[in-house]
Structures are given as C-alpha cells and as structure tokens.
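None of the values given here were measured: they were computed from a predicted structure.
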Amino acid sequence: MPLESRNESPFAGPRPFRREDAGKFFGRDREALELVSLIYANRVVLFYAPTGAGKTSILNAAVLPQIEQEFEIFPAARVSRPAEAAMDSATANTYVRSTLISWIAYGFGAGDADQKLGNLSLADF
C-alpha cells in the first residue's frame, strides 16, 4: 500500500521501535540474522554500539520476534549501579539487584522495589 494512502508514518521517531512495529522495521536484515545466529550458538552475546545506533530497535522489532518461540524472553533491564541498587551487607551482587529493581519497576514479578532483595537470584525472583 502506498505511503500516501496510509494514515501512519513508518518511522518510529525519537523512540525505539517496539515489537508491534516489526512490520515497519526494515534495512537491518543482515544484522538481525547475525544476532539471531549468535544467540542460538552462544550462551551469552554481548551486543554493544554507541547510543542512538538502534540496538533496542533491532532487538525489539527484528530479533526478539524471531527467537521468542524457542526462548523465554524476560523484560529488558537496565543493569547499572544506581544509588538504590548499591551494595549493602545483605546484597551479594549489585548487578543482580539492579536487574531485579528494574524488573519490579516495570511490573515483572511479585513485590516492590522497597522489599529486601538480599541474596535473591534472578532464578529465585
């Protein structure tokens, strides 16, 4: 269908593409195929690029829809060391804690960000 007859723009604008935008996402097939292949072949894949390069868009619109039939996909988490995730005497891994706090903020799992996460693992969460 020609763009003139559509009511919506094919461009996401300043936000990343989402899974529901997969039909509008194009031009990165080779990169998406390479990422999918790496995910199938390796337990861990480090995917990095400068800010604004389209990492989130390619994952959301091209990679995750291809692999979600074979893998359980957890919500994205910003793994950093914010003040609320700083290590305390009961926290074994600040990055696990940061991930759990991120997931709680997005409504994944049970509990709230104020709960004592202690030595809770990702699997136990």
Side-chain angles (χ1 to χ4, degrees):
M1 179 179 299
L3 280 178
E4 298 83 37
S5 62
R6 297 175 125 184
N7 289 334
E8 61 183 77
S9 171
F11 305 104
R15 68 160 176 82
F17 281 83
R18 297 179 294 234
R19 286 189 191 187
E20 56 268 20
D21 298 324
K24 300 176 192 174
F25 188 79
F26 59 93
R28 304 286 295 274
D29 296 337
R30 183 180 54 81
E31 292 90 345
L33 180 60
E34 185 175 345
L35 275 169
V36 169
S37 296
L38 286 168
I39 290 167
Y40 279 119
N42 300 282
R43 291 184 62 150
V44 175
V45 175
L46 176 62
F47 181 42
Y48 67 95
T51 301
K55 298 176 299 291
T56 300
S57 291
I58 196 169
L59 287 174
N60 287 342
V63 174
L64 295 178
Q66 290 185 51
I67 65 171
E68 64 189 356
Q69 283 81 31
E70 306 240 0
F71 295 101
E72 182 178 4
I73 308 295
F74 291 114
R78 182 158 306 272
V79 181
S80 60
R81 194 173 178 167
E84 69 269 14
M87 298 269 288
D88 61 32
S89 60
T91 304
N93 185 318
T94 190
Y95 300 105
V96 169
R97 181 177 175 80
S98 178
T99 299
L100 296 179
I101 289 170
S102 179
W103 283 350
I104 290 168
Y106 286 105
F108 181 68
D112 60 69
D114 295 328
Q115 76 184 43
K116 188 75 169 170
L117 297 174
N119 289 325
L120 202 59
S121 69
L122 296 178
D124 291 339
F125 180 77

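Judged by distance alone, with hydrogens and angles left aside, the side-chain atoms of Lys24 form no donor-acceptor pair with the main-chain N or O of Phe17 at under 3.5 Å. Asp21 contributes a side-chain N or O that, together with a main-chain N or O of Arg18, makes up a donor-acceptor pair within less than 3.5 Å. In this structure, the side chain of Ser37 engages the main chain of Leu33 through a donor-acceptor pair within 3.5 Å. Thr99 places a side-chain N or O within 3.5 Å of a backbone atom of Tyr95 that can act as its donor or acceptor partner.
Residues Asn60 and Phe25 have side chains not in contact (no heavy-atom distance under 4.5 Å, counting atoms from C-beta outward).
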Worksheet item: For Leu100 and Trp103, what are the C-alpha separation, side-chain angles and deciding distance, and is it a side chain to side chain contact (heavy atoms under 4.5 Å, CB included)?
Response: CA-CA 5 Å; Leu100 296 179; Trp103 283 350; 4.1 Å; yes
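For residues 38-53, no residue pair satisfies the side-chain hydrogen bond (donor to acceptor under 3.5 Å, both in side chains) rule, not counting sequence neighbours.
Distance check: Glu34 CD to Ile58 CD1 gives 9.0 Å after rounding to the nearest 0.5 Å. A distance of 11.5 Å separates CZ of Phe125 from CZ of Arg97, quoted to the nearest 0.5 Å.
A pairwise comparison of heavy atoms in Val45 and Leu38 identifies CG2-O, 3.5 Å as the closest pair.
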For residues 62-70, which side-chain N or O atoms pair as donor and acceptor with protein atoms under 3.5 Å away, sequence neighbours left out?
unit_1: Gln66; atom_1: NE2; unit_2: Ala62; atom_2: O; d: 3.0
unit_1: Glu68; atom_1: OE1; unit_2: Arg19; atom_2: NH1; d: 2.4

